[in-house]
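Please find one structure pasted underneath; my questions will follow.
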Amino acid sequence: MEFFIDSADTKAIRELCSYLPIDGVTTNPSIITKSGKEPAQVFDELCELLSEDQKIFAQVIAGDYEGILSEAEQIARIRAGKNVIVKIPVTHEGLRAIPAVKEKGIAVLATGIYSPDQAFWAAKAGADYLAPYVNRMCSYGDGVAQVVELVQTLAQYGLEAKICAASFKNVDQVHRLLAAGVPAITAPPEVIRGMVDHPGTAFAVDEFTNNWRTAYGRDVL
Ligand code: E4P
């Protein structure tokens with residue numbers, strides 16, 4: 001199972017990577033612009049921050065077939081392509097470009113997925129990862145249930161694409177997909193923190209320490 005951070009906030013990425021076994025970072029054009037930095041700087045910083053075993057996902061901006069191919073090659077030069085995955089939206093041109101990009105030996109994540117049917121076609125086109133936008137899908141129905149169903153559909157047809165569920169707004173959405181066995185998830189820092197931090201844990205730890213201190217007059221074993 002892979003768990004990625006959906007962000008270009010290097011401070012948050014550094015913090016989360018310091019205590020969690022994070023598998024990489026996913027970005028999209030909006031995430032990059034939000035950083036207030038030039039894209040090249042963002043990717044330089046990510047390369048410095050992450051080990052080569054941690055994946056970096058970067059999205060093409062061009063919407064036409066030729067442009068997608070050319071930008072995919074450009075992205076694949078980041079860190080000499082080592083664990084770099086190109087994100088391609090599931091438009092007509094995107095779906096046409098996916099097999100061509102794959103033929104060049106470049107890994108692809110099909111993005112902007114709002115329905116299991118779009119995901120199916122991207123899987124059939126040869127994408128390595130599929131990113132259904134769970135929270136956005138919830139505007140049109142039960143996004144979580146549709147992604148759970150997609151797990152079954154892919155297995156049923158032996159399609160090898162890996163679901164990388166994306167666009168999360170709360171911990172419950174992530175929890176339900178983890179329980180359903182989704183093979184990869186990308187979530188923003190605040191949702192990941194929400195999965196880990198619980199006021200009850202802090203309360204319990206304080207209680208243990210206070211009882212220990214009262215009994216033995218020290219805070220160590
Ligand atoms: C991932 O591929 C997407 O870029 C991202 O998760 C979209 O998230 P949003 O709905 O919060 O923009």
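Note that this is a predicted model, so its numbers are computed, not measured. We use all heavy atoms of the structure for the numbers below, so side chains are in, but hydrogens, waters and symmetry mates are not. Count residues from 1 along the sequence. Order of appearance sets the numbers: ligands from 1, and atoms from 1 within every ligand.
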Is there side-chain contact between Glu15 and Pro189, with heavy atoms separated by less than 4.5 Å?
->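 Not touching, per the 4.5 Å side-chain cut-off.
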SB check Lys102 Asp128 (cutoff 4.0 Å) |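 Judged by the 4.0 Å cut-off on N to carboxylate O distance, Lys102 and Asp128 do form a salt bridge.
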Are Arg193 and Glu190 ion-paired here, with the side-chain N under 4.0 Å from a carboxylate O?
->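 Result for this pair is no, no salt bridge flagged.
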Under 3.5 Å: donor-acceptor pair, side chain of Gln54, backbone of Ser51 =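 Side chain of Gln54 to backbone of Ser51: a pair is present.
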Output the list of atoms in ligand 1 that are nearer than 4.0 Å to some heavy atom of Thr111, sorted by atom number.
->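 Ligand 1 atoms under the 4.0 Å threshold to Thr111: 2 (O).
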Examine ligand 1 and decide if any of its atoms is less than 4.0 Å from a heavy atom belonging to Asn135.
->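 Under 4.0 Å: no for Asn135.
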Contact partition for Arg136 relative to ligand 1, non-hydrogen atoms under 4.0 Å |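 Contact part for Arg136 vs ligand 1: side chain (C-beta onward).
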Taking Arg218 for its side chain and Leu221 for its backbone only, find out whether a donor-acceptor pair lies under 3.5 Å.
->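 The answer is yes, because a donor-acceptor pair under 3.5 Å joins these two groups.
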Could you tell me which atoms of ligand 1, counted from 1 in the order shown, lie closer than 4.0 angstrom to a heavy atom of Ala166?
->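 Listed by number with element: 1 (C), 2 (O), 6 (O).
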Output yes when the distance from some N or O of ligand 1 to some N or O of Thr27 is under 3.5 Å, and no in every other case.
->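 Looking only at distances, the answer is no, because the N/O contact criterion of under 3.5 Å is not met.
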How far is atom 5 (C) of ligand 1 from its nearest protein heavy atom, and which residue and atom is that?
->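 Answer for atom 5 (C) of ligand 1: Asp6 OD2, 3.0 Å.
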Is Lys87 reaching over with its side chain to a backbone N or O of Thr27, donor-acceptor style, under 3.5 angstrom?
->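 Pair found, side chain donor or acceptor close to backbone of Thr27.
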Do any N/O atoms on Lys87 end up under 3.5 angstrom from N/O atoms on ligand 1?
->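 By distance alone, the answer is yes.
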Can any side-chain N or O of Thr201 pair as donor or acceptor with the backbone N or O of Asp197 at less than 3.5 Å?
->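 It does not hold such a pair.
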Would you say ligand 1 has an N or O under 3.5 Å from any N or O of Asn28?
->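 Asn28 vs ligand 1: N/O contact under 3.5 Å present.
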What part of Phe168, side chain from CB on, backbone N/CA/C/O, both or neither, has a heavy atom under 4.0 Å from ligand 1?
->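 No part of Phe168 is near ligand 1 at this cut-off.
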Report yes or no: does a heavy atom of Lys169 sit under 4.0 Å from some atom of ligand 1?
->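 Under 4.0 Å: yes for Lys169.
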